[in-house]
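Values below: all heavy atoms of this structure, side chains included; hydrogens, waters and symmetry mates excluded.
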Protein chains: 4
Amino acid sequence: MKTLNSRQVKAAKSSPRRRELKLHRQKEILAAALEEFGTNGYAATRLEDVAKRAGIAKGTIYLYFRDKERLFRAVVRTLIQKRIDALTGMFSGSAEKLLRELLSQMYQVVRNAKARSIVRMLIAESGKFPQLADIYHREVIEPGLNRVRRVLKRGVATGEFRQTKAAQFPQILVAPGVLAIVWRLLHGERHRLDLDAYSKAHLEFVLDSLRKQPD
Amino acid sequence: MKTLNSRQVKAAKSSPRRRELKLHRQKEILAAALEEFGTNGYAATRLEDVAKRAGIAKGTIYLYFRDKERLFRAVVRTLIQKRIDALTGMFSGSAEKLLRELLSQMYQVVRNAKARSIVRMLIAESGKFPQLADIYHREVIEPGLNRVRRVLKRGVATGEFRQTKAAQFPQILVAPGVLAIVWRLLHGERHRLDLDAYSKAHLEFVLDSLRKQPD
Amino acid sequence: MKTLNSRQVKAAKSSPRRRELKLHRQKEILAAALEEFGTNGYAATRLEDVAKRAGIAKGTIYLYFRDKERLFRAVVRTLIQKRIDALTGMFSGSAEKLLRELLSQMYQVVRNAKARSIVRMLIAESGKFPQLADIYHREVIEPGLNRVRRVLKRGVATGEFRQTKAAQFPQILVAPGVLAIVWRLLHGERHRLDLDAYSKAHLEFVLDSLRKQPD
Amino acid sequence: MKTLNSRQVKAAKSSPRRRELKLHRQKEILAAALEEFGTNGYAATRLEDVAKRAGIAKGTIYLYFRDKERLFRAVVRTLIQKRIDALTGMFSGSAEKLLRELLSQMYQVVRNAKARSIVRMLIAESGKFPQLADIYHREVIEPGLNRVRRVLKRGVATGEFRQTKAAQFPQILVAPGVLAIVWRLLHGERHRLDLDAYSKAHLEFVLDSLRKQPD
DNA sequence: CATGAATGAGTGTTCATTCAT
DNA sequence: GATGAATGAACACTCATTCAT
């Protein structure tokens, strides 16, 4: 490898290997930045700490991101993108099964530290970066709520579910998941929620409310 | 000369009057600080802005609070205290009526800007100020949840409500209120929730789940 | 009410003494900045050095000037203002006497370190701050050249001077003064011009050219 | 594409070819650097911009110049060398003709952007690089002034010119050219001097002063 | 030879905190 | 008490210089 003559080395240099390395480094920076921003918030995060965590020099960050603000936005947008990618395809089965599936997915999100980080950052910085919350709303929240709406509609169509006002506010169905995220953000490891039991109770509660009563 | 005048004036004043004035000024500072911290977060808030908003000089803040951190904690603790004070006494009546009353109170909280601010601040700064979230948990959240628990217990006792796992997790019952707060924090005026309809749907949903089915 | 009272006291405090001190300090900063900018140029001047020279802390500069650029412009504008103020009123006497007077004044400028500094700064930074050279042109150069024009015109009117093309370009008359400034800027103490002899030669040269030849 | 070709060529070519190419590249860098230093001054010039302008990579500069300072000095010394080379051979004819010739040459310098750049740089950086002004003085200014002296001496010898003090200060004769350079440096395109008319007036003015009056 | 990614010292600017008035 | 001028530590960002490829 090392003994390649200089011309070959040069030719090989710029294109594929370098690009790959650059992309990798960018990801490292984003990961380090997420950690710092997620913990300390935008203003309290020092880029030097991000650099240290990424194992690089302060100046290197600026080769990848124009300034602190762009880095922050890139962090959030990257996370949102991952959420979008995770909104996996449609399913079949009874409405109840679909709902179980949906909530189960939601609790995977709740358990996911990065997903919680994004919520913290969006709440903490929505004064300074409202556009980010907008993106999140458009790309993640609305699509998510729409999936709930579709499942409810299907349940009503198949006769599994009653018609309820809650269908207009699918937020009500998923709210316990949101609360679980907030709970974790507020209390960290200090006051744990037993998520397994909690999510089961949540599902039962929702189904109790939705199911058609046996006459 | 001028200084003499003011000293004479001061000398003439009585002690209780002074105390009162001091208290009043402290409240003004706290109010201004709440506004700023609530909007920008701890790190991004400049004490100069707080002073300007309170109509005083920067240095004056330090006559009332040792440093920025104490001011912040005072802001949050004051808010928490107000929440505690608002946890008004118990009532009588059917469990359903009590539950209606409880949720109705909660939505007053949701509509209250300061109450939302506190949530934002606690979430945003829980990395730096976890003790505050602890206080909030002990003094506000747990007492609140306990009230829900008591209502549920009474409902079961009177036969109005079914026995459900959700009783172990009263969070599930109130979660839509939390979601509403988060929604407002994230989206401000940009994506409104119709709180009237939402809270009604919430109540109906909960009652549908709790109520004993007519056999 | 009470607040008004206390504010009146405040208002009295800040006024005369403080204002005076503030003005004085501003002048000190400008003087220190002139020294540094004049020696090193805009980009190579560090505000810390300006502060040190003024005997204050770095941050203090920012209480008087928004940023480095404003400080620099203030320095130059202040200097220009002093030049304008120095363009003293007109005199009477023969055209030759007026011309002697004029050139004598000009050589006072040449001997003035601050006046040389301004030329260096305007030349050095005219790429970044062309407006400053414009101000200088409008407020100093053109008025100065106009005085030369008026003297020449009077000389022609009284028959002392010949009519010459140079009247259209009064720059030619004063050019040796400009050269002397540039010479000093370039060579500092290293290659001295004997300004007394030089200015005499300059005057003689000019008069030789302007005077009507005795027939 | 060009780069690739040239590299292949280089590899194949013999040593003198290489040397030539290297020299050429060095000239490109010097030209680019002149442009940047001349516009922005030493401190405000970024080597990256020099590289970009020269169409090479930042690091390449360091293959030709040890550091920024050496590059700057090389730029100035190269320019000075060109000035020296331009001090063309001697002439014959009447002193007046020689003087016309001399001033005409000087105004070619005035019109030459690089020659103006050198003056700007020497003035702007004479604090940091006084040696450069020294070189310029020794190699360009003094030789130039000596030529003026010789012409004046010859004119006096032939009886064309009067004996004047100005002979001791040939600067006075050429000063309008210097002023024209400074004028252009300060005012760029914003306040033009009509150089044709100006230089004619200059010559006339000088001759009026020098010529022996017809008795 | 040439590249451009990486470095880190250096500088402009901000802001919590102090203190003379 | 109240003020606001002053301080200086802290931090974002730049750029000359190095070096692996």
Side-chain angles (χ1 to χ4, degrees), chain A residues 1-2 4 6-14 17-18 21-22 25 43-49 51 56-69 71, chain B residues 2-3 6-7 9-10 13 18 21-22 25 43-51 56-64 66-69 71, chain C residues 6-7 9-14 17-18 21-22 25 43-49 51 56-64 66-69 71, chain D residues 3 6-7 10-11 18 21-22 25 43-49 51 56-64 66-69 71:
Chain A
M1 307 295 271
K2 252 114 211 204
L4 286 175
S6 69
R7 244 182 279 155
Q8 286 171 329
V9 169
K10 270 185 231 161
K13 211 187 243 176
S14 65
R17 177 108 185 92
R18 277 215 171 175
L21 282 175
K22 229 182 151 173
R25 171 133 305 179
T45 290
R46 294 178 304 158
L47 290 194
E48 181 137 34
D49 289 343
I56 58 176
K58 205 179 8 166
T60 306
I61 293 176
Y62 290 86
L63 298 176
Y64 294 84
F65 302 93
R66 192 194 302 282
D67 55 25
K68 190 183 182 184
E69 197 168 320
L71 171 58
Chain B
K2 249 84 196 221
T3 339
S6 77
R7 249 181 250 153
V9 170
K10 274 184 220 161
K13 299 264 166 169
R18 275 204 165 191
L21 281 175
K22 192 159 181 187
R25 173 140 299 183
T45 290
R46 293 178 304 159
L47 290 194
E48 179 137 33
D49 289 345
V50 173
I56 58 174
K58 209 181 353 170
T60 306
I61 294 176
Y62 287 83
L63 298 175
Y64 294 85
R66 191 194 300 283
D67 56 23
K68 189 184 184 184
E69 198 167 319
L71 172 58
Chain C
S6 74
R7 270 198 212 131
V9 170
K10 278 181 224 164
K13 208 187 241 176
S14 65
R17 178 106 184 92
R18 279 213 168 177
L21 282 175
K22 225 180 153 176
R25 171 132 307 178
T45 290
R46 293 179 303 156
L47 290 193
E48 181 137 33
D49 289 344
I56 58 175
K58 206 173 17 158
T60 305
I61 293 177
Y62 288 86
L63 298 177
Y64 294 85
R66 191 194 301 284
D67 55 24
K68 190 184 182 184
E69 196 168 321
L71 172 58
Chain D
T3 335
S6 75
R7 258 183 230 150
K10 272 183 221 165
R18 275 207 167 187
L21 281 174
K22 190 159 182 185
R25 172 140 299 182
T45 290
R46 293 178 305 160
L47 290 193
E48 178 136 35
D49 290 342
I56 59 174
K58 209 182 353 173
T60 305
I61 293 176
Y62 287 83
L63 298 173
Y64 294 85
R66 191 195 300 282
D67 55 24
K68 190 184 182 184
E69 198 168 318
L71 171 59

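- If you find the closest nucleotide of DNA chain F to B:T60 and to C:A57, the one lying nearer the 5' end belongs to B:T60.
- For the OP1/OP2 pair of E:dA2 and a distance below 4.0 Å, the side-chain nitrogens and oxygens of D:R25 include at least one atom meeting the criterion.
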Across nucleotides 12-17 of chain F, 5' to 3', mark each nucleotide with B, S or - according to how protein heavy atoms within less than 4.0 Å reach it. SBBSBB
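- With values rounded to the nearest 0.5 angstrom, A:I56 atom CD1 is found 7.5 Å from A:Y64 atom OH.
- Looking at heavy-atom distances under 4.0 Å, C:Y64 makes contact with sugar-phosphate atoms alone, never a base.
- With values rounded to the nearest 0.5 angstrom, D:K58 atom NZ is found 10.5 Å from D:D49 atom CG.
- The side chain of A:K22 approaches E:dA5 more closely than any other nucleotide in the set F:dT7, E:dG8, E:dA5.
- Listed nucleotides: E:dT3, E:dA6, F:dA6. Nearest to the side chain of C:L63: F:dA6.
- Separation of atoms CG (C:L63) and CZ (C:R25) is listed at 9.5 Å; rounding is to 0.5 Å.
- The nearest pair of heavy atoms linking C:A43 to D:A43 is CB-CB, 3.7 Å.
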Watson-Crick or G-U pairs under 3.5 Å in DNA chain E, rendered as dot-bracket with [ ] for crossing pairs and | for another strand: .||||||||||||||||||||
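- We find that CD1 of A:I61 is positioned 13 Å from C1' of E:dG8, with the value rounded to whole Å.
- Across all their heavy atoms, A:L47 and A:Y62 have their closest contact at CD1-OH, 3.2 Å.
- The distance between atom CG of C:L71 and atom C1' of E:dG12, rounded to the nearest whole Å, is 12 Å.
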